[in-house]
Amino acid sequence: NFTKEKSAKLDRVENKVDSVDIELEGARRRIADLERDKDKLKEDMNYVQSQSNRNNLIFGNIPEETGETPARSEQIMREFIIDKLKLAKEIVCVSRLHRMGQKQSQPDGRGATGNGNDRKHRSIVGKFCFFGEREQVRSNSRHLRGTDFYVSEQFPPEVAAKRRRLFKRVKEEKPAGRRAWVSYDTLYIDGRPVKEA
(Lines give C-alpha, C1' and ligand atoms only; values in the text may rest on other atoms or scores of the structure.)
Protein backbone atom coordinates (compact mmCIF):
# COMPACT_ATOMS: atom_id res chain seq x y z
CA ASN A 1 0.00 0.00 0.00
CA PHE A 2 2.87 2.32 0.90
CA THR A 3 4.52 1.55 -2.45
CA LYS A 4 1.29 2.27 -4.34
CA GLU A 5 0.97 5.60 -2.55
CA LYS A 6 4.55 6.56 -3.40
CA SER A 7 4.08 5.42 -6.97
CA ALA A 8 0.88 7.49 -7.32
CA LYS A 9 2.66 10.57 -5.89
CA LEU A 10 5.56 10.02 -8.25
CA ASP A 11 3.13 9.78 -11.21
CA ARG A 12 1.47 13.06 -10.15
CA VAL A 13 4.86 14.79 -9.87
CA GLU A 14 5.92 13.48 -13.29
CA ASN A 15 2.62 14.69 -14.81
CA LYS A 16 3.13 18.12 -13.26
CA VAL A 17 6.71 18.26 -14.59
CA ASP A 18 5.48 17.26 -18.06
CA SER A 19 2.76 19.92 -17.83
CA VAL A 20 5.30 22.56 -16.79
CA ASP A 21 7.62 21.50 -19.65
CA ILE A 22 4.77 21.91 -22.14
CA GLU A 23 3.86 25.34 -20.71
CA LEU A 24 7.52 26.37 -20.75
CA GLU A 25 7.89 25.36 -24.41
CA GLY A 26 4.74 27.37 -25.23
CA ALA A 27 6.17 30.38 -23.38
CA ARG A 28 9.46 30.04 -25.29
CA ARG A 29 7.56 30.04 -28.59
CA ARG A 30 5.54 33.10 -27.58
CA ILE A 31 8.74 34.93 -26.55
CA ALA A 32 10.38 34.06 -29.88
CA ASP A 33 7.27 35.33 -31.72
CA LEU A 34 7.32 38.56 -29.69
CA GLU A 35 11.04 39.03 -30.46
CA ARG A 36 10.35 38.62 -34.19
CA ASP A 37 7.43 41.07 -33.95
CA LYS A 38 9.62 43.57 -32.08
CA ASP A 39 12.37 43.33 -34.71
CA LYS A 40 9.83 43.78 -37.51
CA LEU A 41 8.29 46.82 -35.78
CA LYS A 42 11.76 48.33 -35.30
CA GLU A 43 12.56 47.74 -38.97
CA ASP A 44 9.23 49.29 -40.01
CA MET A 45 9.80 52.26 -37.70
CA ASN A 46 13.27 52.85 -39.20
CA TYR A 47 11.76 52.71 -42.70
CA VAL A 48 9.02 55.21 -41.80
CA GLN A 49 11.60 57.50 -40.21
CA SER A 50 13.79 57.20 -43.32
CA GLN A 51 10.84 58.18 -45.50
CA SER A 52 10.19 61.14 -43.21
CA ASN A 53 13.84 62.19 -43.66
CA ARG A 54 13.77 61.54 -47.40
CA ASN A 55 14.12 65.20 -48.36
CA ASN A 56 16.76 65.94 -45.69
CA LEU A 57 20.46 66.53 -46.17
CA ILE A 58 23.14 67.03 -43.53
CA PHE A 59 25.78 69.71 -44.13
CA GLY A 60 28.93 69.14 -42.11
CA ASN A 61 31.87 71.25 -40.90
CA ILE A 62 30.21 74.56 -41.76
CA PRO A 63 31.54 77.06 -39.17
CA GLU A 64 29.05 78.03 -36.50
CA GLU A 65 28.99 81.60 -35.26
CA THR A 66 28.67 82.56 -31.61
CA GLY A 67 25.03 83.33 -30.88
CA GLU A 68 23.96 82.07 -34.30
CA THR A 69 20.19 82.24 -34.77
CA PRO A 70 18.12 79.85 -36.91
CA ALA A 71 17.68 82.65 -39.47
CA ARG A 72 21.46 83.14 -39.61
CA SER A 73 21.96 79.36 -39.94
CA GLU A 74 19.68 79.41 -42.97
CA GLN A 75 21.58 82.34 -44.46
CA ILE A 76 24.91 80.55 -43.87
CA MET A 77 23.61 77.40 -45.54
CA ARG A 78 22.21 79.31 -48.54
CA GLU A 79 25.58 81.07 -49.00
CA PHE A 80 27.28 77.67 -48.73
CA ILE A 81 25.00 76.22 -51.44
CA ILE A 82 25.71 79.16 -53.77
CA ASP A 83 29.46 79.51 -53.10
CA LYS A 84 30.62 75.94 -52.48
CA LEU A 85 28.05 73.84 -54.36
CA LYS A 86 27.80 76.23 -57.32
CA LEU A 87 23.99 76.39 -57.38
CA ALA A 88 21.80 79.42 -58.05
CA LYS A 89 19.91 80.55 -54.97
CA GLU A 90 16.53 80.49 -56.75
CA ILE A 91 16.89 76.74 -57.32
CA VAL A 92 16.70 75.66 -53.69
CA CYS A 93 13.59 75.70 -51.50
CA VAL A 94 14.29 74.70 -47.89
CA SER A 95 11.22 74.24 -45.71
CA ARG A 96 13.10 73.71 -42.43
CA LEU A 97 16.67 73.99 -41.26
CA HIS A 98 18.54 73.80 -37.96
CA ARG A 99 21.85 72.92 -36.33
CA MET A 100 21.98 69.40 -34.90
CA GLY A 101 22.74 68.67 -31.27
CA GLN A 102 23.32 70.95 -28.33
CA LYS A 103 25.19 74.23 -28.54
CA GLN A 104 28.76 74.17 -27.34
CA SER A 105 30.19 77.21 -25.59
CA GLN A 106 32.77 78.85 -27.83
CA PRO A 107 34.10 82.34 -27.06
CA ASP A 108 35.60 83.25 -30.45
CA GLY A 109 33.39 81.30 -32.88
CA ARG A 110 36.35 79.53 -34.46
CA GLY A 111 37.04 75.82 -34.52
CA ALA A 112 37.88 72.93 -36.82
CA THR A 113 37.80 75.04 -39.98
CA GLY A 114 39.27 78.20 -38.45
CA ASN A 115 42.18 79.07 -36.24
CA GLY A 116 42.25 78.56 -32.49
CA ASN A 117 40.92 75.47 -30.80
CA ASP A 118 39.66 72.23 -32.36
CA ARG A 119 35.96 72.51 -31.55
CA LYS A 120 33.74 70.62 -33.96
CA HIS A 121 30.91 72.56 -35.53
CA ARG A 122 27.39 71.24 -35.22
CA SER A 123 26.08 69.99 -38.54
CA ILE A 124 23.13 71.64 -40.24
CA VAL A 125 20.16 69.53 -41.31
CA GLY A 126 17.98 70.97 -44.05
CA LYS A 127 14.60 69.67 -45.22
CA PHE A 128 14.12 70.50 -48.89
CA CYS A 129 10.69 71.23 -50.34
CA PHE A 130 11.25 68.90 -53.28
CA PHE A 131 13.22 65.68 -53.61
CA GLY A 132 14.59 66.76 -57.00
CA GLU A 133 16.15 69.87 -55.46
CA ARG A 134 17.62 67.79 -52.66
CA GLU A 135 19.18 65.47 -55.24
CA GLN A 136 20.59 68.41 -57.20
CA VAL A 137 22.26 69.74 -54.03
CA ARG A 138 23.55 66.24 -53.16
CA SER A 139 24.86 65.76 -56.70
CA ASN A 140 26.72 69.07 -56.57
CA SER A 141 28.46 68.02 -53.36
CA ARG A 142 31.16 66.67 -55.70
CA HIS A 143 32.50 70.26 -55.64
CA LEU A 144 33.44 69.66 -51.98
CA ARG A 145 36.12 67.03 -52.76
CA GLY A 146 39.39 68.04 -51.18
CA THR A 147 37.68 70.19 -48.51
CA ASP A 148 36.62 69.50 -44.93
CA PHE A 149 32.96 70.10 -45.84
CA TYR A 150 30.51 67.32 -46.62
CA VAL A 151 26.89 66.77 -47.58
CA SER A 152 25.16 63.49 -46.74
CA GLU A 153 21.71 61.95 -46.58
CA GLN A 154 20.00 61.69 -43.21
CA PHE A 155 19.08 58.22 -41.92
CA PRO A 156 17.91 56.87 -38.55
CA PRO A 157 20.91 56.04 -36.31
CA GLU A 158 20.59 52.25 -36.73
CA VAL A 159 20.42 52.53 -40.52
CA ALA A 160 23.34 54.99 -40.57
CA ALA A 161 25.47 52.59 -38.47
CA LYS A 162 24.61 49.68 -40.78
CA ARG A 163 25.46 51.79 -43.86
CA ARG A 164 28.89 52.64 -42.37
CA ARG A 165 29.59 48.90 -41.97
CA LEU A 166 28.37 48.18 -45.50
CA PHE A 167 30.52 50.93 -47.05
CA LYS A 168 33.58 49.29 -45.50
CA ARG A 169 32.59 46.14 -47.38
CA VAL A 170 32.14 48.16 -50.60
CA LYS A 171 35.74 49.37 -50.25
CA GLU A 172 36.89 45.75 -49.90
CA GLU A 173 34.96 44.55 -52.95
CA LYS A 174 36.01 47.25 -55.45
CA PRO A 175 39.75 46.35 -55.56
CA ALA A 176 38.70 42.76 -56.30
CA GLY A 177 37.07 44.04 -59.50
CA ARG A 178 33.47 43.66 -58.32
CA ARG A 179 30.84 46.37 -58.64
CA ALA A 180 29.55 47.14 -55.18
CA TRP A 181 27.20 49.79 -53.79
CA VAL A 182 24.79 50.44 -50.94
CA SER A 183 21.14 51.29 -51.41
CA TYR A 184 19.37 52.31 -48.18
CA ASP A 185 20.55 49.48 -45.87
CA THR A 186 21.36 46.79 -48.45
CA LEU A 187 24.73 45.92 -49.98
CA TYR A 188 24.75 45.02 -53.67
CA ILE A 189 27.67 43.16 -55.24
CA ASP A 190 27.62 42.73 -59.00
CA GLY A 191 23.95 43.63 -59.03
CA ARG A 192 22.86 41.09 -56.43
CA PRO A 193 21.73 42.00 -52.91
CA VAL A 194 23.84 40.49 -50.15
CA LYS A 195 21.79 39.48 -47.10
CA GLU A 196 24.25 39.63 -44.24
CA ALA A 197 27.40 41.60 -44.77
Under 4.0 Å between a side-chain nitrogen and a carboxylate oxygen: does that hold for [X] and [Y]?
X	Y	result
E172	K168	no
D39	R36	no
K40	D44	yes

Kindly indicate, with the supporting measurements, whether the criterion side-chain contact (heavy atoms from CB on, under 4.5 Å) is fulfilled by V170 and E173.
-> CA-CA 5 Å; V170 167; E173 295 296 330; 5.8 Å; no

Treat each ILVMFWY residue as a node, draw an edge where side-chain heavy atoms are under 4.5 Å apart, and state whether [X] and [Y] are in one component.
X	Y	answer
V159	V125	no
V194	V182	yes
W181	F167	no
V94	L57	yes
I58	F80	no

Can you tell me if OH on Y47 sees more than 12 non-hydrogen neighbours from other groups inside 6.0 Å?
->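 No, the 6.0 Å shell around OH holds no more than 12 heavy atoms from other groups.
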
Please say whether more than 12 non-hydrogen atoms of neighbouring residues, nucleotides or ligands are located less than 6.0 Å from OH in Y184.
->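 More than 12 heavy atoms, drawn from other residues, nucleotides or ligands, come within 6.0 Å of this atom.
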
Please list, chain by chain and in numerical order, all residues satisfying salt bridge (Lys or Arg N to Asp or Glu O under 4.0 Å) with R96, sequence neighbours excluded.
->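 If we apply the salt bridge (Lys or Arg N to Asp or Glu O under 4.0 Å) test to R96, skipping adjacent residues, there are no hits.
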
What distance separates [X] [atom1] from [Y] [atom2], expressed to the nearest 0.5 Å?
X	Y	atom1	atom2	answer
Q49	F155	CD	CZ	11.5 Å
L85	R142	CG	CZ	9.5 Å
K42	E158	NZ	CD	4.5 Å
D11	E14	CG	CD	6.0 Å
Q154	R54	CD	CZ	14.5 Å
F131	N56	CZ	CG	11.0 Å

Should [X] and [Y] count as side-chain neighbours, where that means a heavy-atom distance under 4.5 Å?
X	Y	answer
P63	F149	yes
F59	L97	no
E65	I76	yes

Sidechain-backbone polar pair: [X] side chain, [Y] backbone, donor-acceptor under 3.5 Å:
X	Y	result
S50	N46	yes
K127	S52	yes
H121	E64	yes

For the side-chain contact (heavy atoms from CB on, under 4.5 Å) test, which of R78, Q136, E133 pairs with L87?
->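 Of the listed options, the one satisfying the test is Q136.
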
Indicate whether the side chain of Q75 and that of R72 have a donor and an acceptor atom separated by less than 3.5 Å.
->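 Result is yes, a qualifying pair exists.
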
Specify the closest pair of heavy atoms between M77 and I124, including all atoms of both residues, with the distance to one decimal.
->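 For M77 versus I124, the nearest heavy atoms are SD-CG2, 4.0 Å.
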
Which heavy-atom pair separates S73 from R99 by the least distance, and what is that distance?
->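 Here S73 and R99 meet closest at OG-CG, 3.9 Å.
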
